[in-house]
Amino acid sequence: MRLFYHKNDIYQLNIPEYEVPVFGYKIGELKLKEGDGNHSGGSQEVLSLLGIKDYLKKNGVLACTYRGKENIDTVRFLNDLGFKFVGTYNDCCCHRNEFKEINIRSTLEVRVASINELEEILLLEDKIFDFSSFQIDPLFNSIVTAQRNVVRVKSYFANPLHRIYILKVKGKIAGFLQFIVESETGTANCVNGAIATEFQGLFIGPKLYSDAFKSVFELGISKIYGGYSNQNIAVAKLFSACNFRNIEQTILMRDYLKKEYSAEVITLSPFVGLKHEGHLIE
């Protein structure tokens, strides 16, 4: 972690190692912290944010993403530094007593997936466009960003609080919705979801989302949290139809430095060459 300052604000830069195996290079994550006006970082030196690009280059970081609230001063300053707008994301929440079912007449069943169905779920995730910040960014390879989404979904499988619901059509998984269910706190997080391309725009999405949310609430959960990109209109409508309400909004900006490095510095991703057919997630 490295701290930077600009005026009275403190920014925290992290460089997670888990991104390297997918992209083949380092990705930085920049977030705003509350400043105290003294640029204090304890024993750690706090650098001026004006020098962040030099720091990224020196440390071999080929892209850096800023996530934070939409503050015009921050946006303009980061723009001047080379960060460009990527997208706006919404966090939402629904209380059990406010949840609304979507009435769909269908004999199809929404149920918890079995262990032997997890691989098929990953294959589905690889073939859809889920509006993640990397997939909507045209500067990234679509094959690699699709694989990153697969890695993200798979990363939850070993979590003991993990629960994933599926809906099958003619023996094939048409969609899934993934949760982390915390019974002790009475909350659940809807972390991922996808609808197969051929079933988008039909009743599959409403059926899956409504029944999965209902099942989670029936576990005794009092609140379900979720999130979506502003560009993902289909998911926004599904959350709204189930009476989820937005509780926070953040913007993402990114400085893409890869083009500024020499070819010798860049390591190709091990996933380049994978087949990918993408569309939108519902």
Side-chain angles (χ1 to χ4, degrees), residues 1-20 22-42 44-92 129-142 144-145 148-149 152 226-233 235-236 246-262 265-267 269:
M1 179 188 73
R2 168 59 67 181
L3 298 180
F4 295 83
Y5 73 86
H6 175 63
K7 295 183 178 179
N8 290 330
D9 292 324
I10 299 293
Y11 295 79
Q12 178 178 311
L13 173 68
N14 291 303
I15 305 173
E17 294 182 2
Y18 59 78
E19 299 286 22
V20 177
V22 176
F23 289 102
Y25 50 82
K26 295 178 183 178
I27 302 284
E29 296 178 353
L30 184 68
K31 291 184 178 181
L32 178 67
K33 294 183 66 177
E34 292 296 326
D36 59 8
N38 296 315
H39 308 143
S40 176
Q44 182 181 152
E45 179 186 9
V46 182
L47 308 176
S48 169
L49 193 59
L50 286 169
I52 190 171
K53 179 164 286 191
D54 289 338
Y55 180 88
L56 295 172
K57 290 182 178 180
K58 181 179 178 181
N59 288 274
V61 181
L62 276 69
C64 183
T65 304
Y66 167 78
R67 180 189 294 270
K69 294 183 179 179
E70 187 175 342
N71 177 285
I72 187 63
D73 291 332
T74 301
V75 170
R76 287 179 174 176
F77 181 72
L78 290 176
N79 252 320
D80 290 342
L81 294 181
F83 286 76
K84 304 302 180 185
F85 176 78
V86 176
T88 301
Y89 288 80
N90 301 281
D91 293 323
C92 57
F129 189 95
D130 78 345
F131 289 92
S132 68
S133 73
F134 289 103
Q135 274 201 317
I136 65 177
D137 190 334
L139 294 178
F140 285 89
N141 184 302
S142 62
V144 176
T145 56
R148 182 184 185 273
N149 294 341
R152 186 189 67 228
Y228 59 92
S229 163
N230 266 3
Q231 297 184 39
N232 198 342
I233 297 174
V235 164
N246 289 347
I247 55 176
E248 188 173 17
Q249 188 175 75
T250 59
I251 65 167
L252 272 72
M253 301 178 68
R254 183 170 291 129
D255 191 1
Y256 190 77
L257 293 84
K258 183 174 179 179
K259 58 183 178 295
E260 300 179 18
Y261 287 79
S262 66
V265 178
I266 300 171
T267 303
S269 166

Practice item. Identify the two heavy atoms, one from C92 and one from G227, that lie closest to each other, and give their separation to 0.1 Å. Key: SG-N, 4.0 Å

**Study point:** Least distance between heavy atoms, N149 atom then S132 atom
**Key:** OD1-OG, 3.5 Å

Revision key, fill the gap. Applying ring pair (Phe, Tyr, Trp, His ring centres under 6.0 Å) to Y89 and not counting sequence neighbours gives none

Study note, to complete from the structure: The ring pair (Phe, Tyr, Trp, His ring centres under 6.0 Å) partners of F134 (sequence neighbours excluded) come to F23, F140

Hey, what do you get for [atom1] ([X]) to [atom2] ([Y]), rounding to the nearest 0.5 Å?
X    : Y    : atom1 : atom2 : result
S229 : D130 : OG    : CG    : 9.5 Å
T145 : R152 : OG1   : CZ    : 10.5 Å
D137 : K84  : CG    : NZ    : 12.5 Å
I10  : Y5   : CD1   : OH    : 9.0 Å
F131 : N232 : CZ    : CG    : 5.0 Å
L56  : L13  : CG    : CG    : 6.0 Å

Any residue meeting side-chain contact (heavy atoms from CB on, under 4.5 Å) with [X], in chain and number order, not counting sequence neighbours:
X   : result
Q12 : M1, L3, N14, K33
P16 : Y18, E19, E29
T88 : F85, N230, Q249, I251

Under the side-chain hydrogen bond (donor to acceptor under 3.5 Å, both in side chains) test, residues paired with [X] that sit two or more places apart:
X    : answer
S133 : R254
E248 : none
Y228 : N246
Q231 : none

Practice item. Kindly write out the residues that satisfy salt bridge (Lys or Arg N to Asp or Glu O under 4.0 Å) with R2, not counting sequence neighbours, or none if the list is empty. Key: none

**Study point:** Exceeds 12 heavy-atom contacts within 6.0 angstrom, atom CG of L50
**Key:** yes

Solution key, residues 74-82 side-chain donor-acceptor pairs under 3.5 Å, sequence neighbours excluded:
residue	atom	partner	partner atom	Å
T74	OG1	N71	OD1	3.4

Check your understanding: Can you find a heavy atom in the side chain of L30 that is under 4.5 Å from one in the side chain of I52?
Key -> yes

Exercise for review: Run through L252, L32, D255, V86 and flag the one making a side chain to side chain contact (heavy atoms under 4.5 Å, CB included) with Y66.
Suggested key: L32

Check your understanding: Under 3.5 Å, side chain of K26 to main-chain N/O of N59, donor-acceptor pair present?
Key -> yes

Check your understanding: When the ring planes of Y55 and F4 are compared, do they come out parallel, tilted or perpendicular, using 30° and 60° as the limits?
Key -> perpendicular

